[in-house]
Amino acid sequence: MSSMITRVKQKQIAQLIAKGKRLDGRALTEYREIKVEQGIIERAEGSARVLLGKTEVMVGTKIEIGQPFSDTPNEGVLTVNAELVPLASPTFEPGPPDENSIELARVVDRGIRESKAIEFDKLCIEPGKKVFVVFVDVYVLNHDGNLIDASALAALAALLNTKMPNYEIEDGEVKIKSGYTPLPIKKHPITVTFAKINDKLVVDPWLEEEQVMEARISIATEDDGNICAIQKGGSGYFTPKQVLEAAKIAKEKAQEIRKKLNW
Amino acid sequence: MSSMITRVKQKQIAQLIAKGKRLDGRALTEYREIKVEQGIIERAEGSARVLLGKTEVMVGTKIEIGQPFSDTPNEGVLTVNAELVPLASPTFEPGPPDENSIELARVVDRGIRESKAIEFDKLCIEPGKKVFVVFVDVYVLNHDGNLIDASALAALAALLNTKMPNYEIEDGEVKIKSGYTPLPIKKHPITVTFAKINDKLVVDPWLEEEQVMEARISIATEDDGNICAIQKGGSGYFTPKQVLEAAKIAKEKAQEIRKKLNW
Amino acid sequence: MSSMITRVKQKQIAQLIAKGKRLDGRALTEYREIKVEQGIIERAEGSARVLLGKTEVMVGTKIEIGQPFSDTPNEGVLTVNAELVPLASPTFEPGPPDENSIELARVVDRGIRESKAIEFDKLCIEPGKKVFVVFVDVYVLNHDGNLIDASALAALAALLNTKMPNYEIEDGEVKIKSGYTPLPIKKHPITVTFAKINDKLVVDPWLEEEQVMEARISIATEDDGNICAIQKGGSGYFTPKQVLEAAKIAKEKAQEIRKKLNW
Amino acid sequence: MSQKSEKLIDKKGLRLDGRKPNELRPIKIEVGVLSNADGSAYIEQGKNKILAAIYGPKEVHPKHLALPDRMILRCRYHMAPFSVQERKSPAPSRREIELSKVIREALEPAIFLEYYPRTAIDVFVEVLQADGGTRCASITAASLALADAGIPMKDLVAACAAGKVDDTIVLDLMDTEDKIGAADVPVALMPNLDAITLLQMDGTLSLEEFEQAVNLALEGCRKIYAMQKEALKARYVNVKEVEE
Amino acid sequence: MSQKSEKLIDKKGLRLDGRKPNELRPIKIEVGVLSNADGSAYIEQGKNKILAAIYGPKEVHPKHLALPDRMILRCRYHMAPFSVQERKSPAPSRREIELSKVIREALEPAIFLEYYPRTAIDVFVEVLQADGGTRCASITAASLALADAGIPMKDLVAACAAGKVDDTIVLDLMDTEDKIGAADVPVALMPNLDAITLLQMDGTLSLEEFEQAVNLALEGCRKIYAMQKEALKARYVNVKEVEE
Amino acid sequence: MSQKSEKLIDKKGLRLDGRKPNELRPIKIEVGVLSNADGSAYIEQGKNKILAAIYGPKEVHPKHLALPDRMILRCRYHMAPFSVQERKSPAPSRREIELSKVIREALEPAIFLEYYPRTAIDVFVEVLQADGGTRCASITAASLALADAGIPMKDLVAACAAGKVDDTIVLDLMDTEDKIGAADVPVALMPNLDAITLLQMDGTLSLEEFEQAVNLALEGCRKIYAMQKEALKARYVNVKEVEE
């Protein structure tokens, strides 16, 4: 798209939002269509693919045996990594993770970790020595906006689909047995992202909205409505009132999504 | 050389080859002069220098004690690395290995590994725990074309020159004893590379031929004439007939080289 | 400063030095004011901040338990690192250590190591297995010339301020006990740097002198006046006579500094 | 490649997954699957799941890398960390760097590079699940993605391996056959030009066996070529339907 | 954030370091502390010791990264290896890269970026000692360093965290409270514009607790804002004295 | 440098390899050994085997790094993985980076850098086998490679170390003497100008011992200088013979 057409379109998006409307016809607090598929990568211990409109994110989980951190000797370890692979967008480049993919991974990690979604104490094999390490790899396949919500949702869906190997300890050595146990998940943190455009908040911004937004705020809430993670982004600001309004809406939208997905 | 002179020369090379002739007077399936020196680096467990015309490659081997791979607990480990050091050519740059040096290392590795040239089971010290690791470092010192054949030959020559330390196991610890045993080598894979120029195949292309070639194919054969590794390179193609023709010639040329070197 | 003013000033600096004078009024062998503060970073095992005129260097030390080198199984380990962080100068760039910071770290390391300033044998916990590792991190905060002397001095001041944790060995495991022991330091190597400008030697060059100097020589001497490390830098040269003259002055200036600091 | 005692061909001459020696695995191909890329394709071949995308032709940065008389083709073959049994670090391995090069050189002969001088095309391949023969499936998909992007091509490139397991020459090796079989010969072909654009081999084969394997692989390429054309046709019909 | 049995608030309602819930740690701010930088500031907040320096506006290299209509703000938040309990590798960690981004985005709304098109400003933050709340203290210092460098700004940015420890909403968490408390909410504010430029949270808070925490943090920001203005005034007086 | 109980000088005053204290190791020098480089030289000194090559003068990329009034000299000192007892990783170590710098600064004073403004010269040194004193042998070889490349020079640079082992000042330390001796003083000299272009030291020496060591090293440099000139002469004769 030439940059002049882009600018005309951006103006249009901003003007519509001032009137409470969006270019793609959604209400300000309406999500695009959400599709979740689980168990699509047999090689992985768990996997899911989420479509949020045209935004497409795949998450695979891997379970390995490793060492616990010294300050949590009885708990398993979570490692979240995100790759903005270059086939997903003309703006993504091959190479080591940049600040955007690192922020994405850390925001997804925060939602899962702070809500204590995984029962980490059940991932301990031998206190202080051996625990299960859960790798969550977020793979963005098509970028049409709001990667945070799509990635957080795909990560949760993949974790809910993840199986841990059965094992027994024989002569101090861990032996993997046949069969699997589901990864113990007790919370369902859902992240809801808002863009601020023309001083209004819109939920689930698509790519063209992200290009005109002044700032972004992502809020993760737990099943009971408590907030467990927040991240403001972008080079604009929010008023204190907008922040509190966003928190309230985030809680409602998260409940809606949980209900829709039967989680 | 100015690029115009270069182009004239390249045209000349291609036209001569169409007539079955080469600019340096060789027949289409004739190698440049091959010189092999072994044992030139006393610090290394094995070493060799190969001159293929003006192309010069040095290989040093090192033997260390390390862990076997989990799927081959009773076998030693082979690690091949190639450095296109910048003193060898104006086109080589300092820095981490690029795709050319990685391909070179992997093609040399494949010839040795797939032919089972090294008796890896004799490199096991303690099954699953300790084995000899053989490092083969390919060092290109002057690049005048056909680095693959020169490197593969130098690697084999260095391996034939390599000595393993004697050891005994005392109280579960490996003790290095005085004296050495030759590294057990049972095959002599020789790699023969062809350039396709003007739809003809020529053996052992020198640098100026490489600059005009459409594609390259390298074929490694064992003492009994079996093929153990192939690599096509370059942005052109081969017909099925050319591929089979190349395989036949590769077998013959490899036998000639083995005979000349008394291997 | 525009480059023309710079050149005029540089000429002036050089002409003054020819007459035995310096632009900032110092004598040729006179240091700028030296200020040393110790113990400023409570999180570190030892720390110091040195001001050499406007040049400011902070050093923090950390002590960890690690493995000795195989050729010195009864000795602790010293690791010196230097960061030319970009807030210190418009010429420093973020990124991995460049040749200047690596040289700085290695010169500081050499003075401490070669003088045997630290009693490394007292840092051994379990021969061949566990020793204290001393990390010396040189952090340049403002660069106004002569980073080598300021860094070496700050490193020594931080080491003199460093405390080792007390420990006992229980059932083969190292237990950290309460309380600390000072790191055993028996030598006070002081490094004195000379710039050669207009064929004269000046001590402790500041930034503007470094910009016109032809070459640089840094000489570390021990308490007894013995030389323990030298580093020539810069793209010029010294005559043999200048080198010997510098060594004599370095010994004297180092004694002066030790006296002033009561070391 | 290492020969082990496991039986890869049963008494009836069938393979571990029930295939006959000269039979391809089930293949599913879709073209135009990604909305951002200029061209894209998805392939499932056995348990392989691979996406290929094209971006370009576009400007070259820094400019002095551009070529005055032709387009530059760049290629990145990359595996997702969860695509294999043990998690793979996302940093490119030496294997991935080599495969990126041979895949690029397998596609280059098919493109009219001189049509767009001073530009570059990026081929991005992501292996989402790997099951043996990923380089061939990647070439098959990438060549369709190039066509989907409207890059002028001499022919599609179809790729398939043949190899030897338990003394039998077989087509389209899956992971286990690749790992414990006797030899693997991946081949890429432009069928209309009878031009082999990728050829590698590891393992051990006599000259005669090698000739058999190459011929079987070429046969496989031609079958896959037919599927590629079907997939392209399906894409055009789809596009038309959407546009109408 | 993880809740442990340690008591963080004693019977008198005081915190580990004797502070009341809504009390800031002792803060010392100095502006103009580095001779080479175009602007600089130093802050001590509890045991935090942080330096911020500004270089710019300056030319952008390579040139095609420059923006025709605005300045580029770049930011590097970095911790000294000796700033924390266990030695930190000097290579930037993922945490440092994220914080560099959020600090930059907390400062950007305050700067008239369009005043110097095609240029760049570098914000360098060095944490010499860390004691919880370094991102907020870094923003407070960096915003003063920008002012010291004469960069045209809409307002200063003041930053402070609030959080929850032992069921109490508290201001300005120190390291131990941050690590074993229930929640941490760092906030940055341009007080004159009532504009929140940084907001993060980890831990667990109900909507009501969150509202309390934000309000307490904003109160903290306003107190720090007063100190920032004092520090700037002290700097100008100093400069004047030197010049006279 | 660490003093151990091993005897490095025997009762007759001879060293481990039978040399007298002021004796150089056997040295073999050859100029013009690589066909691609613009200049090259090979040196064997004891068991050291070192190649040096020159490429340039050539254009600088990116251009803004070029200097308007002089040439840039770049230098890479690098050791082959098999050159030392334990395999060395091919990635440049901190030691190699420091030595690249001091070698460059030892060569720079000898070159008329102002003759070719806006260009660069690359000096590449590869240590194929290391036996103590590689930096000096590298300078000796690189200076000949520069001459072979026709770079205008004020003088050749000859380099040699002296040091102290077992209370004796000795010339040209080999590996064992370097490692367990008391001090090592590498020196580089432009003999015609009496100009020391490299000087380093580690170990412990009194002022008097240091003076002795420097003087002995300078003597060694002058002997090596004579060999350098011989090697250059041999090269020209060779070239002439080839050309006739």
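Values below: all heavy atoms of this structure, side chains included; hydrogens, waters and symmetry mates excluded. Keep in mind that this is a model prediction, so the values were computed, not measured. First the proteins, then the strands, lettered A, B, ... as listed; each starts at 1.
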To the nearest 0.5 Å, what is the distance between [atom1] on [X] and [atom2] on [Y]?
X       : Y       : atom1 : atom2 : answer
I196(D) : I217(B) : CD1   : CD1   : 7.5 Å
Q200(D) : S218(B) : CD    : OG    : 11.0 Å
E114(B) : D202(D) : CD    : CG    : 4.0 Å
T204(D) : K116(B) : OG1   : NZ    : 4.5 Å
I230(B) : L198(D) : CD1   : CG    : 11.0 Å
I102(B) : K101(D) : CD1   : NZ    : 11.0 Å

Contact listing (chain D partner; residues 93-101 of chain B; heavy atom under 4.5 Å): E99(B), N100(B)
Residue-level contacts of residues 118-138 of chain B with chain D, using a heavy-atom cutoff under 4.5 Å: none
Proximal component of K241(B), with respect to chain D [non-hydrogen, under 4.5 Å]: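 For K241(B), there is no contact with chain D at all, as no heavy atom is under 4.5 Å.
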Under 4.5 Å from any heavy atom of chain D - which part of E222(B):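 Interface part for E222(B): side chain.
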Residue pairs passing the ring pair (Phe, Tyr, Trp, His ring centres under 6.0 Å) test where at least one lies in residues 58-92 of chain D, sequence neighbours excluded: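 Passing the test, one end in residues 58-92 of chain D: Y139(A)-F82(D), H61(D)-H64(E), H64(D)-H61(F).
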Minimum heavy-atom distance between S206(D) and N226(B), given as atom pair plus value: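 Residues S206(D) and N226(B), closest heavy atoms: CA-OD1, 3.2 Å.
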Nearest non-hydrogen partners of G236(B) and P109(D), listed with the distance: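 The answer is O-CG, 3.4 Å.
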Against chain D, work out which of [options] has the most heavy-atom pairs shorter than 4.5 Å and name it.
options                            : value
D224(B), T221(B), V107(B), V243(B) : V243(B)
Q231(B), E214(B), K248(B)          : Q231(B)
G234(B), A229(B), A105(B), G225(B) : G234(B)

Backbone of E98(D) reached by a side-chain donor or acceptor of E103(B) within 3.5 Å: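 Such a contact is absent between E103(B) side chain and E98(D) backbone.
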Exam field: side chain K232(B) to backbone E105(D), donor-acceptor pair closer than 3.5 Å: yes
Part of L199(D) within contact of chain B (heavy atom distance under 4.5 Å): both
R95(D) and R106(B), any side-chain heavy atoms less than 4.5 Å apart: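 Heavy-atom side-chain distance check passes, below 4.5 Å.
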Residues of residues 209-229 of chain D near chain B, each having a heavy atom less than 4.5 Å away: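 So the qualifying residues are F210(D), E211(D), L218(D).
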Residue K154(D) excluded, over 12 heavy atoms near NZ under 6.0 Å: yes
